[in-house]
Amino acid sequence: MEYGLDLEYSFNEFLKGFGLSGEIAHIIWLPLPMLLVLVAAVVGVLVTVWLERKISAAAQQRIGPEYAGALGVLQPIADGLKLLVKEDIIPAKADGILFTAGPILVLVPVILSWLIVPFGQNLLISNVGIGIFLWIALSSIQPIGLLMSGYASNNKYSLLGGLRAAAQSISYEIPLALSVLAIVLMTNSLSTVDIVNQQSGAGILSWNIWRQPVGFIVFWICALAECERLPFDLPEAEEELVAGYQTEYAGMKFALFYLGSYINLILSALLVSILYLGGWGFPIPVELIAKFLNLPINAPFIQVFTASIGIVMTVLKAYLLVFIAILLRWTTPRVRIDQLLDLGWKFLLPISLANLLITAGLKLAFPQFFGG
Amino acid sequence: MSIAITTQFICFTVLSLVVIIGALGVVLLESIVYSAFLLGGVFMSVAGLYLLLNASFVAAAQVLVYVGAVNVLIIFAIMLVNKKEDLKPINDIKSRRVISTLICLTLLSLLIRVDLTNVWSLSSPQNSIGEESTIRIGEHLFSDYLLPFEVASVLLLIAMIGAIVLARRDVMSKDISTGLPVDQELIEKSSEPLLTNKN
C-alpha cells in the first residue's frame with residue numbers, strides 16, 4: 001500500500017537543493033505538520049462554536065449570531081478576542097500553582113492526541129505503532145487536570161464538578177477502550193492508518209459500522225460522556241453547580257477549558273469516523289472511479305484528487321457527527337449522577353464485553369469478513 | 001554527537017531530574033494533595049523514560065494504568081475524605097526520621113550494588129524490536145507468562161471482593177472498626193452520628 005503523495009520526501013529534497021544536510025532539513029520539516037494540525041484544530045473549534053450557536057438557535061427558533069460577519073461567522077473570533085483581553089483573575093484563597101496548571105493539563109493531552117488522526121494515507125503527523133492506544137492513554141490524563149482545577153478553586157461547586165468529572169471519565173473509559181479493542185481485533189493492528197485501510201475494500205459496504213453496530217453506539221455514547229456533552233454534562237451542570245470546575249475561571253484560563261472541550265469534541269468525532277465510518281474513504285472506492293475513467297492510480301492528478309477527497313471526507317464525516325452531538329444537546333435531558341454511573345457500569349460495560357467476545361467468535365468463524 | 005543522540009540525552013536528563021525531584025517531593029511535602037499530584041508527574045516521567053527506551057506500548061500502558069487509574073483514584077480518595085484534622089505531635093519524630101533514612105539508604109545501596117554487579121544483556125539498536133513489541137508482549141502473555149498473568153488477575157479479583165465487603169456494611173452483622181451491630185436498613189448510614197456533636 002505504498003502510494004500517495006510523500007510531501008516530507010519532496011520537501012527534504014527541496015531543502016537539500018539549497019545545500020542543507022538531511023538532518024537539518026528534517027528538523028526544519030518536523031514542526032510544519034504539527035503547526036498545521038494545531039491550526040486545523042483551532043480553526044475546527046471556531047467552526048464548531050459557530051455551528052453550535054447557529055444550530056442551537058435554529059433548534060430554539062431564534063436567529064443566533066447575526067452581526068459579526070455574514071451570518072455571524074466572525075462571532076467565534078470576537079468571542080476568542082474578548083477572552084484574550086479579559087483580566088486573568090486568580091481568587092484570593094485559591095491555590096495559584098494548581099489553579100494555573102489545571103487548564104494546561106486538560107488541554108495538552110487533547111492536542112497531543114491529534115498526533116494519530118489521519119486525513120489520508122500519509123497525511124498524519126506520525127503513524128505510531130500503538131496508534132489508537134495512545135489516544136486512550138492520553139485521554140486518561142484529563143481527569144487529573146479537572147480534579148486539580150476543581151480542588152485549587154477553593155469552591156464547593158468547583159470541587160463537586162471536578163469529582164463528578166473524574167468519576168464520569170473513569171467509568172466511561174472502560175467501555176470505550178473495550179469497543180476500540182473489538183475494532184483492533186478485526187484489524188490486527190493498533191495503527192489508525194491500518195484501521196482505515198481495513199475498511200477500504202468495498203467503499204461504504206466495508207465500513208466498520210455494519211460489522212460493529214453495537215460497538216459504534218457504545219463508542220459514541222462513551223465519547224459524548226468523555227467530552228462532557230449533554231446528556232452527560234454533569235460536571236458543569238449549570239443549574240446545579242454554576243459551571244462546575246470552571247466556576248472560578250476567567251479570561252484565557254477559561255478559554256483553555258473551552259478550547260479543550262471543543263477540540264475534544266472534534267477529536268472524538270474524527271475518531272468515530274476513523275474507527276467506524278471508513279476514515280478518509282469515499283463511499284465508492286477511488287480505485288473504481290479511476291478504473292472507470294481509465295486513469296492509472298499513480299497519476300499525479302489522481303493522487304492530488306485522492307488526497308483532497310480524503311481530507312474532505314474525513315472532515316465531512318466528523319462534522320456530521322458534531323452536528324448530531326449538537327442536536328442531541330438540545331433534544332435530550334441531562335441524566336442524574338446515579339443514572340450516569342448505572343448506565344456506564346451496569347449497561348455499557350457488560351454490553352461492550354459481550355461485543356468483544358462475539359467479535360472474537362465471529363473472527364474465528366468468518367475470518368474473511370472479520371479480519372483473519 | 002548527532003542531533004538525535006543530543007535530543008535523547010537532553011530528554012533523559014530532564015526526565016530523570018523530574019523523577020528524582022518529584023519522588024523526593026512526594027515523600028517530603030507536607031500537603032498530601034501536592035504529594036498526590038507530584039506522584040502523577042513522577043509516573044508520567046517514568047512513562048517518558050520508557051518511550052526513550054523504544055517501549056511505546058509499555059509507556060502508554062504506564063500512563064493509562066498508573067496516571068489514569070491509580071493516581072486519579074488516589075486524588076479522588078484524598079479529596080473525598082479531605083478532613084481538616086489536627087494530627088497528634090509525635091515525640092520521638094527525630095529518631096524515627098533517622099531510622100527511616102538509614103533504611104532507605106540501605107535499600108539504595110543494595111540497588112546500586114545489584115546495578116553494578118549484574119551483567120545486563122542489552123540489545124543493540126540494530127536488533128531492538130521497537131514497534132513490534134506490542135505483538136511480542138501479547139505472545140508472551142498467552143504462552144510462557146500465562147500463569148503469572150492469570151494469578152495476578154485472580155489476586156486483583158480477591159482485592160476487589162475484599163473492598164466490596166469492607167464498603168458494604170450489610171454484608172457483615174458487626175461494624176469492623178467499632179464492633180457495634182450494623183443498621184441493616186440503611187446502607188449509606190454512617191456508623192458514627194454526624195450531626196449530634198453540635199454542643
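Residue numbers begin at 1 in each chain, while the letters A, B, ... track the order of the sequences. Below, each value reflects all heavy atoms present in this structure, side chains not excepted, and no hydrogens, waters or symmetry copies. Predicted, not measured: the structure shown is a model, and the values here were computed from it.
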Would you give the length of the straight line joining atom CD1 of A:Ile130 to atom CG of B:Leu51, rounded to the nearest 0.5 angstrom? 7.0 Å

Spacing of B:Thr134 atom OG1 and A:Leu190 atom CG [to the nearest 0.5 Å]: 6.0 Å

Residues in side chain to side chain contact (heavy atoms under 4.5 Å, CB included) with A:Ile170, at least two apart? B:Val72, B:Leu73

Non-hydrogen atoms of B:Ala60 and A:Ala137 that approach each other most closely: O-CB, 3.4 Å

When only heavy atoms count and the cut-off is under 4.5 Å, which of residues 98-116 of chain A reach chain B? A:Leu98

In Å and rounded to the nearest 0.5 Å, what is the CD1 to CZ distance from A:Ile97 to B:Phe37? 12.0 Å

A quick test of your reading: do over 12 heavy atoms of other residues, nucleotides or ligands sit less than 6.0 Å from CZ of B:Phe57? yes

Tell me, do A:Asp95 and B:Tyr34 make a side-chain contact under 4.5 Å, heavy atoms counted? yes

Less than 4.5 Å to any heavy atom of chain A: does that hold for the side chain of B:Phe76, its backbone, both, or neither? both

So with a 6.0 Å cut-off around CZ of A:Phe257, is the heavy-atom count from everything else above 12? yes

Taking all atoms of both residues into account, what is the closest heavy-atom pair of B:Met79 and A:Leu147, and its distance? CE-O, 3.6 Å

